[in-house]
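These notes concern the structure reproduced below.
By convention in this document, chain letters (A, B, ...) are assigned in the order of the sequence lines, proteins followed by strands, and residues within each chain are numbered from 1.
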Number of protein chains: 2
Amino acid sequence: MRAARRGLADRETVFGLAETFKVLSDPTRLTIVLALQRSELCVLDIASLLGVSESAVSHQMRLLKALRLVKHRKEGKMVFYSLDDEHIEDLIRVAQRHVGERR
Amino acid sequence: MRAARRGLADRETVFGLAETFKVLSDPTRLTIVLALQRSELCVLDIASLLGVSESAVSHQMRLLKALRLVKHRKEGKMVFYSLDDEHIEDLIRVAQRHVGERR
DNA sequence: CTTATAACTGAACGATTGCTCAGTTGTTTG
DNA sequence: CAAACAACTGAGCAATCGTTCAGTTATAAG
């Protein structure tokens, strides 16, 4: 691997990492993930909990689903979402430590 | 705290967390941070290492400096940057584990 | 079948982002 | 001093982002 020899991580790794950080960089998405840490929720639950439109939530869930951060379970006309990745919780924990220790 | 009782983290915490993730969500900035993990570097070093303009690097360094991710040391006309936050390295490590374990 | 409800979707919008360009500041060298 | 060099800066631009809006699909109830 040429890139590694020059001291740089290869593009694919960097883009994958950046993408992971990006999902969590939007307050709405991050709040959704934080809420799902506590319990499984349907779209309308999330919308009313965050005070945003049901459409906005739906758009974000599609993204979170595409990046495999959440999984869904259908029950009648409702769709329940829950977290699908235990690393994400670690990530949030470490970041919380970081934010906590700066003024 | 009313928000916490309703099961949501307060706005300030969420925005702080999101901001942290956001800095690392851009491939250019992330590559800079990864490079600085290995050694202290000046602006032109970073620019040539990443293959981007010196101006672009300068703009990003200002941001990284404002968020206290890097510190700088002046030596003649050159400015050497280095990491100023050990939590960031933990964060990257955890994220790497996440990226590594998905297909 | 019709109505109501939950979720999804594409288009369009304003806001933000990261870059380039041109020019400035500060330091060193001749 | 002037010239060269490293870094910084603001304005402007294209691209991306997150939302709203209007409409669709799917399921359930009357």
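- Residue A/Asp26 contributes atom CG, which lies 17 Å from atom P of D/dT16 at whole-angstrom precision.
- Annotation for B/Glu12: atom CD does not count as buried by contact number, only 12 or fewer foreign heavy atoms lying within 6.0 Å.
- By the 4.5 Å heavy-atom criterion applied to side chains, B/Asp84 and B/His72 are not counted as neighbours.
- An OP1 or OP2 oxygen of D/dG10 is reached within less than 4.0 angstrom by a side-chain nitrogen or oxygen of B/Arg62.
- Between B/Phe80 atom CZ and D/dC8 atom P the separation is 12 Å, expressed in whole Å.
- Considering only heavy atoms from C-beta on, A/Asp10 comes within 4.5 Å of A/Thr13 through its side chain.
- Atoms CG and CZ, on A/Leu49 and A/Arg38 in that order, are 9.5 Å from each other to the nearest 0.5 Å.
- For the side-chain contact (heavy atoms from CB on, under 4.5 Å) with B/Gln60, the qualifying choice from B/Ile32, B/Val52, B/Val43, B/Thr31 is B/Ile32, the only one to do so.
- Chain B approaches DNA chain C within less than 4.0 angstrom (heavy atoms of the protein), and the contacting nucleotides run 5' to 3' from C/dT17 to C/dT28.
- As a whole-Å value, the separation of B/Tyr81 OH from D/dA7 P is 8 Å.
- In the region residues 50-60 of chain B, proximity to DNA chain D at under 4.0 angstrom, judged on heavy atoms, holds for B/Glu54, B/Ser55, B/Ser58, B/His59.
- Atom CD1 of B/Ile46 and atom C1' of D/dA6 are 13 Å apart (whole Å).
- Summarising the geometry, the separation between CG on A/Leu44 and P on D/dT27 is reported as 17 Å, rounded to the nearest angstrom.
- Per the geometry, CE belonging to A/Met78 stands 15 Å off C1' belonging to D/dA29, to the nearest Å.
- The main-chain N or O of A/Ile88 is never found under 3.5 Å from a side-chain atom of A/Arg93 such that the two would form a donor-acceptor pair.
- Within the 4.0 Å cut-off from OP1 or OP2 of D/dC17, at least one side-chain nitrogen or oxygen of A/Lys22 is found.
- Of the two residues contacting DNA chain D, namely A/Lys74 and B/Lys65, the nearest-nucleotide position lying further toward the 5' end is that of B/Lys65.
- Taken to the nearest 0.5 Å, the CG atom of B/Asp26 stands 10.5 Å off from the OG atom of A/Ser25.
- The residue among B/Lys77 and B/Leu63 whose nearest nucleotide of DNA chain C is located toward the 5' end is B/Leu63.
- Side chains of B/Lys71 and B/Arg73 form no contact here, defined as non-hydrogen atoms less than 4.5 Å apart.
- The shortest side-chain heavy-atom distance between A/Met61 and A/Tyr81 falls under the 4.5 Å cut-off.
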